[in-house]
Each structure stands twice: as structure tokens, then as C-alpha cells.
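So the structure is just underneath, and the comments pick up after that.
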Amino acid sequence: MPVTPTPLLDTAGPSAGPADIRLIVTDMDGTLLDDAKRIPAGLWPMLAELRRRGVLFSPASGRQYATLARQFAEVAEGMVFIAENGTYVVRDGVELSSDPLEKSVAAGVARTVRRLVADGADVGAVVCGKRSAYVERTDEAFLAEVRHYYVEHRVVEDVTAVDDDVIKVALFDFGSAEHTTAPALRDLAATHKVVVSGEHWVDVMNRTADKGTALRGLQRALGITPAQTMVFGDYLNDLEMLAAADWSFAMANAHPEVLRRARHLAPSNNDNGVLRTISRVLGL
């Protein structure tokens, strides 16, 4: 039976003092960022203190690497970016791992989106390559959503013909991604991951790709255990990485399934939940 996450901030905390945390991994949207997509101002001095203590801080997001690198440009040295829902992991500009899709699969998803649009759905595809993201839709409403997550993007005539290593296809649905777009990809879900990563987003990746796989690879490379790992998430694409950490936190605003699966509960993204929890657990 699922266990309700413990609201750690309401307890006395570890009796032996601050926890031995070596790695902190956090989702971005709905987790670290507030609903206005802002990074909390207190993060920057906290990152300096974490670095001084030898604790690695790693953003893990459906956002592309270029977007994350720009957001953390002033503190990016030595930071590991788990980008594109774990399909592309980069440190200091060097690829640590990636899990590219077969181009025929990416093309098939793009054609499915075209059929949905022809049937009246308000949805668009973002073909995510290592160098850039690629879209066919040119309307400002769609491009405004794309710019939030993909600072490097190009409008092309045919996304099935891009010359890049495709690592993910993201679909933005102006309605409900969970109830409209995801069901249209049900057949593909038998062989690939079709993940609802937000209210309006669905991501298609290889079955071997997710944030948890990327995190476990990072833990092995650095010699860091799950007991030394703290993870924060709010949506379904965070489940696998929450399972890779003993210190797993669902945000108070999280999807019900995330709330069921995480070990602990953090305040919401609008209540500075990530920073408050880190301060509490590490005694900052």
C-alpha cells in the first residue's frame, strides 16, 4: 500500500545532526521555480555554501541543456545538467550520457501530431536535438510556450528531416496533455516511454531513458549512494529519480501519484519549498 510522504519540515529532523547529503537533484518547473517561472533569489548564496561543503547541485528537467545552462550561467562550472528528461546529461559542456531516438520514431510522432491537428486538436511537436529544438508551428501562442523551455529552437518546414541527433519529442497540448495527446500515442507506449511531464506536455523517449536512469548513472560515476542523495519533484516524469534517492521529496503542489511515491513532503514551489527543505535537512 502506498505510504503518505512524511512532512519532514514538521518533524524534529535527524537526531544526529545534518544529513550526509552529497548530491541534490531538483526538477525545475513546479518544483524549484514558482508559478511565474522564477528561480528563488536565495538559491544563489545557497549554491555557494553547498559548493563550499562539497555538495553537488544538479537541475533535472524536461528543458533543453542550452536553456538550463543559460539559467545557471554564472554558477555552471562543475554543475551537472540532467536535461531533456534524462536523455542528455552534460557537465562543463561535455556530454556525460545521451539516449537518442531512432529518427523513424521521431518522424512517426511528428506525423501523429499532424493527424491530431487535422482532426482539430490544438497541439504542436517539438523535436528535440542535441544542438537545437525544431518546430513546424509558427503561431506566437505556441512559440511563446516553446521559448520557456527551448532557448535554442528553429522553425523548419519539416521536422522529420532535421539533421541532428534527436533525443526526445515533446508535444505541447493547449488542452489536457494527460487526457488528449497522451492517449493518441498509446500504441507507441508499448515500445517507448510516453510520459506526461506537465499539464500541457507529453514527452516521447526511448524506454531506457528517464531522469532516474540518468541520476543512477551519475551516482555510480561519482560514488554517491541513494542515502546521500536528495531529490525534489512534482510531476510524473520525476517518479524514477525520486525512487533513486532515500531523501525523496514531493512538493506540496505535486501530482497525486508523486505524493504517493515520495518518502517526504516539501512545501510548495510557491512557498520556496526546495530551499527551505535543503536548509532544514543540511542545517544551513
* Contact check, side chains of Glu145 and His200, non-hydrogen atoms, under 4.5 Å -> no
* Evaluate whether atom CD of Glu74 has more than 12 neighbouring non-hydrogen atoms of other residues, nucleotides or ligands under 6.0 angstrom away. => no
* **Hphob cluster co-occupancy, Phe172 + Leu33, side-chain heavy atoms under 4.5 angstrom** => no
* Using modelled atom types only, decide if a donor and an acceptor are shared between the side chain of Arg207 and the backbone of Ala190 within a distance under 3.5 Å. => yes
* Can you tell me how far the OH atom of Tyr65 sits from the CZ atom of Arg91, to the nearest 0.5 Å? -> 12.0 Å
* Asked: Measuring from Thr225:OG1 to Asp246:CG, what's the distance to the nearest 0.5 Å?
  -> 7.0 Å
* For Asp165 and Lys130, indicate whether the former's side chain and the latter's backbone hold a donor-acceptor pair under 3.5 Å. => no
* To do: Look at the side-chain heavy atoms of Ile, Leu, Val, Met, Phe, Trp and Tyr, link any pair under 4.5 Å apart, and say whether Val151 and Val135 land in one connected group.
  => no
* Heavy atoms from other residues, nucleotides or ligands near CD of Glu102 exceed 12 (cutoff 6.0 Å) -> no
* Look only at the side chain of Asn206 and the backbone of Ala209, and say whether a donor-acceptor pair between them is shorter than 3.5 Å. => no
* Ignoring hydrogens and geometry, is there a side-chain-to-backbone donor-acceptor pair from Asp210 to Gly212 under 3.5 Å? -> yes
* **Ring-ring centroid check Tyr235 Trp201, cutoff 6.0 Å** => no
* Which distance, rounded to the nearest 0.5 Å, do you find between the CG of Asn237 and the CG of Asn85? -> 4.5 Å
* Would you indicate whether Arg147, at its atom CZ, is surrounded by more than 12 heavy atoms from other residues, nucleotides or ligands within a distance under 6.0 Å? => yes
* Asked: Does CG belonging to Asp163 count more than 12 external heavy atoms closer than 6.0 Å?
  -> no
* To do: Please work out which of the three classes, parallel, tilted or perpendicular, describes the rings of Trp247 and Phe249, given edges at 30° and 60°.
  => parallel
* Asked: Under 3.5 Å, is there a donor-acceptor pair between the side chain of Arg276 and the main chain of Asp271?
  -> yes
* Asked: side-chain contact (heavy atoms from CB on, under 4.5 Å) between Phe57 and Leu43: does it pass, once the steps are laid out?
  -> CA-CA 11 Å; Phe57 182 90; Leu43 178 65; 4.0 Å; yes
